[in-house]
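Let me begin by presenting the structure, written as structure tokens, before commenting on it.
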Amino acid sequence: MLSNLLPTILVVNCNTDEQVTAGIARTAQAAARTSVVRAVQPTWGPTSAEGYLESYLSAAAVIERVAQERTYDAVVLAGFGEHGREGVRQLASVPVVDITEAAVFTACLLGHRFGVVTTLESTLAGITDTIELIGLAGRSAGVRASGIPVSHAGAVAEGEDPGLEALEREARVLLDAGADVIVLGCAAFGGLDRRLSERLGGVPVVDGVGQAVRMAETLLAAGLSTSKHGPFAPPRAKVWTERTLPLPAKISRPGV
């Protein structure tokens, strides 16, 4: 009964892989203390977003998925380095926390410079772009690819794949480059933070999914949400060709 009184955090996987969504849900719920987690995924799009094209397409699918939802108190965008966060913030009237921002902001509180260990080389440019957009490029020691596809990341997190060695190898390269905190650059790596930290001799390792949930709970407790006095104000009503974005009723429509 108590759970019905708790706020709901909508955690949105950026791809259509149900196993990845299930893993994200476990990581998010483990981190939640004052909320209920509901994990969803887009109804269309790639099974993994591992480059610019898939990232832009999945962003549209994620925005549509959030627009289809009606009952939630905060949104966590569970796609590391993926596009679309600004669109969701313009769409939603509740706090929206992106796991990339949550992870690197947290890393900056723990050390002088952070390094990101991610999946494939094709994702490096997008993640680097995101870090620059956030304004933290000067605090980054780099982004390294482990060679682990998103589709295999869950198996690594569950201990069914020896890929943790690849994460450790790339993390040590980043430490040698000046990082003193490591960020896991994939939502499906959730749960590996403590194990990787142990292998690195206690170096802090940050998981974005867990941190994003905690930040969302903090914003909810403080009664804070995204500013609507600026670029995240709701879009002006207009005709959409062939596809109409179903804006939730709780979002005002200026100009109507």
Of all the heavy-atom pairs spanning [X] and [Y], show the shortest one and how long it is.
X	Y	value
Ile63	Val88	CG1-CG2, 3.8 Å
Ala25	Ala39	CB-CB, 3.5 Å
Thr100	Gly79	OG1-O, 3.7 Å
Cys14	Val62	CA-CG2, 3.7 Å
Glu86	Leu133	OE2-CD2, 3.5 Å
Val97	Ala102	CG1-CB, 4.0 Å

To the nearest 0.5 angstrom, please state how far the [atom1] atom of [X] sits from the [atom2] atom of [Y].
X	Y	atom1	atom2	result
Asp17	Thr47	CG	OG1	6.0 Å
Leu109	Phe114	CG	CZ	11.5 Å
Asp73	Arg38	CG	CZ	10.0 Å

Arg169/Glu165 under salt bridge (Lys or Arg N to Asp or Glu O under 4.0 Å): CA gap, chis, key distance, verdict: CA-CA 6 Å; Arg169 181 189 66 239; Glu165 296 177 359; over 6 Å; no
Please confirm whether the backbone N or O of Val37 pairs with a side-chain atom of Gln29, one donor and one acceptor, at under 3.5 Å? yes
Is the side chain of Thr118 donor-acceptor paired with the backbone N or O of Ala145 at a distance under 3.5 Å, no angle test?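 Checked: no pair found.
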Donor-acceptor contacts under 3.5 Å from residues 176-190 side chains, at least two apart:
{"residue": "Asp180", "atom": "OD1", "partner": "His112", "partner atom": "N", "Å": "3.1"}
{"residue": "Asp180", "atom": "OD1", "partner": "Arg113", "partner atom": "N", "Å": "3.1"}
{"residue": "Asp180", "atom": "OD2", "partner": "His112", "partner atom": "N", "Å": "3.0"}

For Leu167 and Arg199, run side chain to side chain contact (heavy atoms under 4.5 Å, CB included): C-alpha distance rounded to whole Å, both residues' side-chain angles, the deciding distance at 0.1 Å, then the answer. CA-CA 10 Å; Leu167 293 178; Arg199 295 177 72 118; over 6 Å; no
Hey, are the side chains of Val116 and Phe80 touching, using non-hydrogen atoms and a 4.5 Å cut-off? yes
CA sep, side-chain torsions, deciding dist, call: Val12, Val40, side chain to side chain contact (heavy atoms under 4.5 Å, CB included): CA-CA 5 Å; Val12 190; Val40 300; 4.0 Å; yes
Kindly write out the residues that satisfy ring-ring contact (aromatic ring centres under 6.0 Å, His included) with Tyr56, not counting sequence neighbours, or none if the list is empty.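 Checked Tyr56 against ring-ring contact (aromatic ring centres under 6.0 Å, His included); matches are His83.
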Just distance, no hydrogens or angles: give the donor-acceptor pairs under 3.5 Å from side chains in residues 208-224, sequence neighbours left out.
{"residue": "Gln211", "atom": "OE1", "partner": "Arg214", "partner atom": "NH1", "Å": "2.7"}
{"residue": "Gln211", "atom": "NE2", "partner": "Thr106", "partner atom": "OG1", "Å": "3.2"}
{"residue": "Arg214", "atom": "NH1", "partner": "Gly210", "partner atom": "O", "Å": "3.3"}
{"residue": "Glu217", "atom": "OE1", "partner": "Arg33", "partner atom": "N", "Å": "3.3"}
{"residue": "Glu217", "atom": "OE2", "partner": "Arg33", "partner atom": "N", "Å": "2.8"}
{"residue": "Glu217", "atom": "OE2", "partner": "Thr34", "partner atom": "N", "Å": "2.8"}
{"residue": "Glu217", "atom": "OE2", "partner": "Ser35", "partner atom": "N", "Å": "3.2"}
{"residue": "Glu217", "atom": "OE2", "partner": "Ser35", "partner atom": "OG", "Å": "2.7"}
{"residue": "Thr218", "atom": "OG1", "partner": "Arg214", "partner atom": "O", "Å": "3.0"}

Apply salt bridge (Lys or Arg N to Asp or Glu O under 4.0 Å) to Arg194 and Glu198, showing your working. CA-CA 6 Å; Arg194 292 183 180 179; Glu198 290 174 359; over 6 Å; no
Scan Val206, Thr27, Val205 and name whichever one has a side chain to side chain contact (heavy atoms under 4.5 Å, CB included) with Asp193. Val205
Is there a donor-acceptor contact under 3.5 Å linking the side chains of Glu50 and Thr123?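 Judged by distance alone, the side chains do not pair up.
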